[in-house]
Number of protein chains: 2
Amino acid sequence: MNIGDVAERSGLPAKTIRYYEDIGLVKPLRSANGYRSFRDRDVHKLAFLGRARALGFSIEDCRNLLKLYEDDGRTSAEVKQIAEVQLDRIDRKIAELTEMRATLAHLVDACAGDHRPDCPILADLAAKEEEIALLNEAG
Amino acid sequence: MNIGDVAERSGLPAKTIRYYEDIGLVKPLRSANGYRSFRDRDVHKLAFLGRARALGFSIEDCRNLLKLYEDDGRTSAEVKQIAEVQLDRIDRKIAELTEMRATLAHLVDACAGDHRPDCPILADLAAKEEEIALLNEAG
DNA sequence: GATAGGGGTTCCACTTGATGGAAGGTCAAT
DNA sequence: ATTGACCTTCCATCAAGTGGAACCCCTATC
């Protein structure tokens, strides 16, 4: 199968598939004309990668998950551990964003958004210099 | 003021400050010995940048916010608009992560995490190939 | 005067995960 | 023969820094 078909079937752009070959995630064969020739196995792997990436796993995680996927001697504990670490990363990211959101929403709410220059958003961004200065004086 | 002091006061690493100069966010003077010489104004700007970045604003947003900050003729509407777009980005990101989290948490929950190879996580990542295949047959 | 340390400087490479584009080869059909 | 849709490689670019090498500056101490 040529890269175009694989792209369609796996849902990944051809460019991405080439990139994945480049970094050693898939190793398609080559036809006589130099075109990449993908086996079903390669297509499966790419679809797997697409899913794993959609869950936010890093490329390195994907590499490891793929290895486990193809290793009959794996234990589900190994897989679970990778997933748990990722779950934790997601949780921390969500917490971080939620905090940002709260602060920003508060500021947006306080801002008139009119023709005047007075703006609590800018005021807040600027004011914190002093907080930092105070912190440093204290510390 | 030298870069080390500024780093401490603004809370930004010296490397980052140099980088910010590089991309034109701050323009410190130079002492006779070639050292960067930061005025209070520069330190304020850097602290401002630190805060804005902490709220997730992109460097380009920061550039614009800084411009507005220094422009007496600004309107709060301009500022608010940038902030609202950012708020929206955060919301979309949170939604995306929340969905990832739900899927992943479900899978982690279903996985025994023991010595056996059977793993719902891998099964899920692999199974979706077929969904895609079906989707493609249908479409 | 030499030297050690703790600043500072520049510049280049690397990170993550692709993506865009140029220049050119291949293939099927007209 | 030539169009158009494929495919190939390679190089550059994005965000937002970070790490490190090689080298300069300044002060204090021996």
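Reminder, nothing fancy here: chain letters follow the sequence lines and each chain counts from 1.
Remark: side-chain polar atoms of A:E78 are paired, donor with acceptor, to backbone N or O of A:T75 under 3.5 angstrom. No donor-acceptor distance shorter than 3.5 angstrom exists from the side chain of A:R51 to the backbone of B:A126, with no hydrogens or angles considered. With hydrogens and angles disregarded, a donor-acceptor distance shorter than 3.5 Å links the side chain of B:Q86 to the backbone of B:L55. A donor-acceptor pair is defined here as one N or O able to donate and one able to accept, closer than 3.5 Å; such a pair exists between the side chain of B:D42 and the backbone of B:R39. Side chain of B:K45 to backbone of B:V26: no donor-acceptor contact under 3.5 angstrom is found.
At least one side-chain heavy atom of B:R36 sits less than 4.5 Å from a side-chain heavy atom of B:R30. Within the 4.5 Å cutoff, the side chain of B:F57 has no heavy atoms near those of the B:N64 side chain.
A sub-4.0 Å separation between OP1 or OP2 of D:dT18 and a side-chain N or O of B:T16 is present. Note on B:R53: a side-chain N or O is less than 4.0 Å away from OP1 or OP2 of D:dG17.
Taking atom CD1 of residue B:I23 and atom C1' of nucleotide D:dT13, one finds them 16 Å apart after rounding to whole Å. One interatomic measurement links the two molecules: CZ of A:F57 to P of C:dG17, which rounds to 13 Å at whole-angstrom precision. To the nearest angstrom, P of C:dG17 lies 10 Å from CZ of A:R63. Going from atom CD1 of A:I59 over to atom P of C:dT19 covers 11 Å, rounded to whole Å. Atom C1' of nucleotide D:dA15 and atom CG of B:L49 are separated by 15 Å, given to the nearest angstrom. If you measure from atom OH of B:Y19 to atom C1' of D:dC14, you get 10 Å, rounded to the nearest angstrom.
When heavy atoms are screened at a 4.0 angstrom cut-off, A:Y20 is found touching the sugar-phosphate backbone but no base atom.
For the helix from C:dG1-D:dC30 to C:dT30-D:dA1, the terminal axes (five pairs an end, C1' atoms, rotation from four pairs onto the next four) enclose an angle of 40°, given to 10 degrees.
Here B:K93 does not pair with A:E96 in a salt bridge; the nearest charged N to carboxylate O distance is not below 4.0 Å.
By the salt bridge (charged side-chain N to carboxylate O under 4.0 Å, His left out) test, A:R18 is found to be paired with no residue, residues two or more places apart in sequence or in another chain being considered.
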Counting primed atoms, P, OP1 and OP2 as sugar-phosphate and everything else as base, the B/S/- map of nucleotides 4-15 of chain C against protein heavy atoms under 4.0 Å is ---BSBB-----

